[in-house]
Amino acid sequence: MILDGLNEAQRKAVLTTEGPVMIVAGPGTGKTLTITRRIAYLIRQGVNPGKILAVTFTNRAAREMRERAESLLGKEAMGVFIGTFHLLGLRIIQDVLPGEFIILNRDDQAEILKPLLKGSGIKVHRAAEIISRMKNLLEEPDQKMKEIYTEYQSLLTAKSALDFDDLILRPIEILADQTYRSGFTHIMVDEYQDINAAQYRLLSLLTQTTCNLCVIGDSDQAIYAFRGADITNFLNFENDYRDAEKIILKDNYRATSTILRASDQLIKNNLKRIEKNLNPTREGGVPVTVVSVPDEKAEGSFIIREIEERIGGTSHYQLIHKTENSDGGSHCFADFAVIFRTNAQSKALEESFHASGIPCQIAGRLCRFPGNKLEKALIERKEILERGLPFDEFLNEVINESGLASEFGESDLTLLQAIASHYKDVAPSEALSGFINELILLTPSEIYDSGADMVTLMTLHMAKGLEFRVVFIAGVDEGLIPCSMKRDDVDIEEERRLFYVGMTRAKDELFLLHARSRFLYGQRLNPSPSPFLKDIPGELVKNLTIPDRPKEKKERQIRLF
């Protein structure tokens, strides 16, 4: 059962459980499937679930991995630690530090920093950024910032508080003194190409007593250099572990061969990468459509028309009619994604969707998320949970009784319910602490309801790890892709990887839109198409030009004399 349906490379990745292993997994190659089957195989071979660690970068990815593991193994999978680096760090800290402590969010951190920065000329967000880089072993500050850092840390200690970056730094300190042992014998790290210096150090300490380290990643999808990720950690894995086994997952199950070939030809222009030739399992497919539009309004209008064409109409009558008759369009709204490089592009696109009536969600848009209030309300009412109420029902009761329902958006509530559903069969005390830990570590990028029948609008960074039948990448303009506006230094290879990530989200159809005129950052621009478009072979492309709108003729005023 564990090996059923796996291809040869996936089987090898599952069965190679001892020693260092490097799995190169391109987009759509069944990475999550392979990791969860590997976890299941380890347990079936007699490895204690509590000694298996699977680290991911997002809570969303961790939940998906946990769901799949539980569907294979049932309650046995609950003993496996599957979570983010920060959740792992939190567990290590909780194992060692006595007493209660709080974790600060960015707003709490700002309130502590403000009085410390008076007269320094340093802005709060800049100070927070420098402190974060210090704690992630990325930056050595000047003397003034060192003094501010020392005062800041003293205040955190006085308040029994940790900030987000302490969840990596403090475990490094704990593990370095060699009195604490994690007990993990088999460690798996997803998205290894995105780890930073501190995370690399943490893993080095965790693997002091085991050589059973399996890293999974793709050098072509390394897109987080701006927050300290270092692609060389992945590229140099075989130097760090000279007897490492390298396994390449080559079979792509997501995209048509046309989309796969187009993205492959693009990324081959990068030098810092591990070569892999992906094999499409879906032959054929329509060409990649490159669209030139007059401006950002026409860009939105074109996207709306294409969605309406595939849905079969979006008027109130048509939607009801489609629901009542199963012969309606073959697409649903959730099949579509509109992806863009910068948040500044979202306003014009969102206006187009609101005007059309097509339901959409902006991934990562998070209003004032009252997580601290919810945490307090849950703890105050924990006796309700202890009476035997399933955790998801307990959450709903607390939200309604506490009056917090009005403070959450609909998508927020859906997300909270999805997280709570994983704790309904867990012991009450463990369920409450586990849920609160996830709540504390929730980031704006997690605010995405994959079950909602809506078109998703998101940045290229947020699109990573997702897939859609039809993808529109808006703003494929020079200055946006690659993004050189308001920036002096541009890493062309990273920008190409980011565009590659966007392209490889598409399963059936891919549209790349360029505007000949665009209003952005308070000015009207006339950009050229992105130079990356030249990397895509012409035979894979269908070019389409939407003509300029005719200018309205002003009526000549009749002269009185």
Side-chain angles (χ1 to χ4, degrees), residues 57 84-180 195-206 224-230 366 368-376 379 433 436-445 489:
F57 268 82
T84 63
F85 271 102
H86 291 92
L87 188 62
L88 171 64
L90 180 60
R91 170 172 155 171
I92 292 171
I93 293 167
Q94 288 172 331
D95 284 348
V96 173
L97 293 185
E100 297 290 323
F101 59 88
I102 60 171
I103 299 173
L104 304 178
N105 59 34
R106 290 298 184 193
D107 291 337
D108 298 329
Q109 186 183 28
E111 288 303 311
I112 291 174
L113 281 170
K114 279 176 186 175
L116 303 180
L117 297 172
K118 282 183 179 177
S120 69
I122 304 171
K123 293 183 177 179
V124 171
H125 76 274
R126 177 59 183 153
E129 181 184 329
I130 294 171
I131 288 171
S132 178
R133 292 185 66 81
M134 289 171 66
K135 291 189 175 185
N136 282 289
L137 313 180
L138 299 169
E139 186 170 319
E140 186 65 31
D142 59 25
Q143 187 58 38
K144 182 189 286 187
M145 200 59 218
K146 278 184 181 177
E147 293 170 3
I148 292 169
Y149 178 83
T150 301
E151 290 183 69
Y152 169 75
Q153 286 301 111
S154 295
L155 285 173
L156 259 59
T157 301
K159 293 175 179 288
S160 297
L162 301 173
D163 64 24
F164 198 64
D165 298 302
D166 284 326
L167 298 180
I168 303 297
L169 182 62
R170 192 62 65 87
I172 289 174
E173 296 168 353
I174 290 168
L175 289 164
D177 74 8
Q178 298 186 341
T179 59
Y180 174 85
I195 66 169
N196 63 24
Q199 291 158 344
Y200 180 86
R201 175 65 178 149
L202 178 61
L203 281 173
S204 299
L205 291 166
L206 282 169
Y224 291 111
F226 70 93
R227 67 184 190 195
D230 187 353
L366 183 56
R368 187 79 176 172
F369 192 79
N372 291 342
K373 290 183 183 178
L374 177 58
E375 180 186 345
K376 185 179 178 182
I379 293 170
S433 62
I436 287 174
N437 287 345
E438 286 207 46
L439 189 65
I440 290 169
L441 301 179
L442 203 60
T443 62
S445 62
D489 58 326

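One is the number of the first residue; the rest follow in order along the sequence.
Summarising the geometry of Met145 relative to Ala127, their closest heavy-atom pair is CE-O, 3.7 Å, with the distance given to 0.1 Å. Shown here for Ile172 and Ala198, the closest heavy-atom pair between the two residues is CD1-O, 3.3 Å. A pairwise comparison of heavy atoms in Leu138 and Ala197 identifies CD2-CB, 4.1 Å as the closest pair. The two residues Ile174 and Asp177 come nearest to each other via the heavy atoms O-OD1, 2.7 Å.
Taking CG from Asp165 and CE from Met134, the interatomic distance works out to 11.0 Å, rounded to the nearest 0.5 Å. Rounding to the nearest 0.5 Å gives a distance of 7.0 Å between CD1 of Ile93 and CD1 of Ile103. Leu167 contributes atom CG, which lies 9.0 Å from atom CG of Leu87 (distance to the nearest 0.5 angstrom). Atom-to-atom distance recorded for Leu137:CG and Asn196:CG is 7.5 Å, nearest 0.5 angstrom. Taken to the nearest 0.5 Å, the CD atom of Gln143 stands 5.0 Å off from the CD atom of Glu147. Note that CZ of Arg170 and NZ of Lys135 are 8.0 Å apart. Values are rounded to the nearest 0.5 Å.
Using cut-offs of 30° and 60° for the angle between ring planes, the His86 and Phe164 rings count as parallel.
Side-chain contact between Ile122 and Lys144: present, with at least one pair of heavy atoms (C-beta onward) separated by less than 4.5 Å. Proximity of Asp166 to Leu156: side-chain heavy atoms (C-beta onward) are separated by under 4.5 Å at one or more points. Proximity of Ser160 to Ile102: side-chain heavy atoms (C-beta onward) are nowhere separated by under 4.5 Å. Looking only at side-chain heavy atoms (C-beta outward), Ile131 and Leu113 come within less than 4.5 Å of each other. With a 4.5 Å cut-off on side-chain heavy atoms, Leu203 and Phe85 count as touching. Looking at heavy atoms from C-beta onward, Tyr180 lies in side-chain contact with Asp95 at the 4.5 angstrom threshold. Counting heavy atoms from C-beta outward, Gln153 and Thr150 have side chains that stay 4.5 Å or more apart. Side chains of Gln199 and Asn136 form no contact here, defined as non-hydrogen atoms less than 4.5 Å apart.
With sequence neighbours excluded, no residue satisfies ring pair (Phe, Tyr, Trp, His ring centres under 6.0 Å) with Phe101. Remark: Tyr152 engages no residue in a ring pair (Phe, Tyr, Trp, His ring centres under 6.0 Å) (not counting sequence neighbours).
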Checklist line | CA sep, side-chain torsions, deciding dist, call: Ile436, Ile379, side chain to side chain contact (heavy atoms under 4.5 Å, CB included) | finding: CA-CA 9 Å; Ile436 287 174; Ile379 293 170; 3.8 Å; yes

Checklist line | side chain to side chain contact (heavy atoms under 4.5 Å, CB included) between Lys159 and Ile112, worked out | finding: CA-CA 10 Å; Lys159 293 175 179 288; Ile112 291 174; 3.9 Å; yes

Item checked: side chain to side chain donor-acceptor pair (under 3.5 Å) evaluation trace for Gln109 with Arg106 -> CA-CA 5 Å; Gln109 186 183 28; Arg106 290 298 184 193; 2.9 Å; yes

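A donor-acceptor contact shorter than 3.5 Å is absent between the side chain of Ser132 and the backbone of Ala128.
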